Protein chains: 2
Amino acid sequence: MLMNQSPLAPMVRKLEQWATLTDVEREALLALPYVLQSLAPNEAIIKEGDRATHSCLLRSGFAYRQKLVRTGARQILAVHMAGDMVDLQNSLLRIADHGVLALTAAEVAFIPREAVLDVAFKHRTIGEALWFDTLVDGSLFRERIVGIGRRDGATRIAHLLCEFGLRLEVAGLGSHHEYELPMTQEELGDCLGLTPVHVNRMLRILSDEALIERKQRAVRIVDWAGLVRRGDFDGSYLHMRSECARLWNPVS
Amino acid sequence: MLMNQSPLAPMVRKLEQWATLTDVEREALLALPYVLQSLAPNEAIIKEGDRATHSCLLRSGFAYRQKLVRTGARQILAVHMAGDMVDLQNSLLRIADHGVLALTAAEVAFIPREAVLDVAFKHRTIGEALWFDTLVDGSLFRERIVGIGRRDGATRIAHLLCEFGLRLEVAGLGSHHEYELPMTQEELGDCLGLTPVHVNRMLRILSDEALIERKQRAVRIVDWAGLVRRGDFDGSYLHMRSECARLWNPVS
DNA sequence: CGCTCAGTTGAACCCGCTCAAGCTGCGTGG
DNA sequence: CCACGCAGCTTGAGCGGGTTCAACTGAGCG
């Protein structure tokens, strides 16, 4: 089993965060049919309103979900990174209620919706893991609602920086306290319900408070515990394995 | 099969919105083990941080999901009505990342988590319907993010009034253009990321614009098409059967 | 009849927005 | 190798939607 050479290997890695898979199950996942594709920044994976026939595994790069309002403003709903299944949501619901786009250059694998459902219901553990994955996405949406609804600008940004660092580290893409942000300040604003100008000012404040250091898009978190406090961050909502809890709960 | 007399009948009704069930499947659902309970307003169904062992069917009344921030502010994430499965999210994820409380007096049926999973994976159609149900919850979360992040107060309220009316009508609990709001203005505010004072003023504006009429909590939508426009409402995100589309798309 | 909770209204304030100008880094081409 | 262009970042000044604080009204209830 040459798992690491399969284009679908990142999906196996991801699902093993949620469940322990047997060899048979891993093979069943790797045997899924797929079509590979490379995407340029801002190229659409699926457009709002489209009929989704395929699910999409993000193999490299970053992607984001978005919705537009009548005035033309954009709201970014979530940012995804290599290993994420970026379109279980839309593909299972059939009609896409939101768009998914490449944030950076990205490689994706499209898997037919029916094949995903078949493997999910043939192998209960896989099914539970996929379902769980969509539920964790939901948990991130909930935390986003709380942030935008009830936290001020600086807190929102601090929170996002914590979340992003942790997710990158768990995905094996970097360190939680030093990484490259793949988005512009405008995109950050659309993510957090702020204007780019305000994002800029709030980032400066976090720097001035000696919580982070920045050089272009590179972020170094100088005072992790401080940023966690500043961002009112409690990572339980990420539903990661318990080992990670030390990162947002400095006491334990 | 005395379906209508089973306390679990509302769940069957709900799932049949998402899938066509056979008699065998209906019976399998009604045969699920459960424990009934009555709840007073603001009584907790599950608290944030608890280990969830049961899923919960809301048989009557209203319930809501919430998260608290450090400052003490509350964000209401979703409001649920009779027939909704209010805790698939938490119970499948095991550790509750948000609390669920009764909004009004309510009757619920607790179903063991494992029994739900068993029936979902034994009957694929049921499994798909339950999964679909959690995905639709996710879709509502996404729309909420858009509203709070990118729409102003009056628009948010108009949008919520449209959503609520439609959901009540589809659940068989009322008419989309005339119903009783089960929440206080403070709760509305916590739902929409506004203060109660501002909710009050925005409701007045919608009245002044002759879109709605109010008498205490009773809402009558005088100009449905106008409110849909005012609230930038497009109900696709509810993923209802296509017949409903006429309600938010006055053209067709 | 008086208490309490929800709703209503007014006035002052402030966080975040808007508009606008300048800056920085970097790719491109002459 | 420099000039140019452009996209993203930075900073300032003024404005406004929504908040905060506070007082008052009204309905339900013991």
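Note that these values count all heavy atoms, side chains included, but never hydrogens, waters or copies made by symmetry. Just so it is clear, the model here is predicted, and its values are computed rather than measured. Chain letters run A, B, ... following the sequence lines, proteins first and then strands; every chain starts at 1.
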Practice item. Hey, could you give me each pair passing salt bridge (Lys or Arg N to Asp or Glu O under 4.0 Å) that has a residue in residues 168-189 of chain B? Not counting sequence neighbours. Key: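 Counting only pairs at least two positions apart or across chains, no salt bridge (Lys or Arg N to Asp or Glu O under 4.0 Å) contact touches residues 168-189 of chain B.
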*Can a salt bridge be assigned to the pair A:E143 and B:K67 using a cut-off of 4.0 Å between side-chain N and carboxylate O?*
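Judged by the 4.0 Å cut-off on N to carboxylate O distance, A:E143 and B:K67 do form a salt bridge.
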Q. Is B:R150 paired with B:D232 through a side-chain N to carboxylate O contact shorter than 4.0 Å?
A.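 Looking at B:D232 and B:R150, the cut-off is not met.
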Q) Taking 5' to 3' order, which nucleotide of DNA chain C is first and which is last to have an atom within less than 4.0 Å of a heavy atom in chain B? A)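 For DNA chain C, the relevant span reads C:dA6 to C:dA11.
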**Side-chain H-bond candidate by donor/acceptor type, B:R59 with B:Y34, under 3.5 Å** =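 Side chains of B:R59 and B:Y34: no pair found under 3.5 Å.
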If we count only N and O atoms by modelled type, under 3.5 Å, do the side chains of A:Q89 and B:R142 hold a donor and an acceptor together?
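Distance-only check passes for A:Q89 and B:R142.
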The contact string for nucleotides 9-22 of chain D, one letter per nucleotide 5' to 3', using protein heavy atoms under 4.0 Å with B, S and - for base, sugar-phosphate only and none, comes out as SBBBB----BBBB-
Over 60° means perpendicular and under 30° means parallel, so tell me whether B:F164 and B:Y179 are parallel, tilted or perpendicular.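 If you compare the ring of B:F164 with that of B:Y179, the planes turn out tilted.
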- Task: Kindly state whether the ring of B:H159 and the ring of B:Y237 have centres lying under 6.0 angstrom apart.
- Result: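 So the answer is yes for these two rings.
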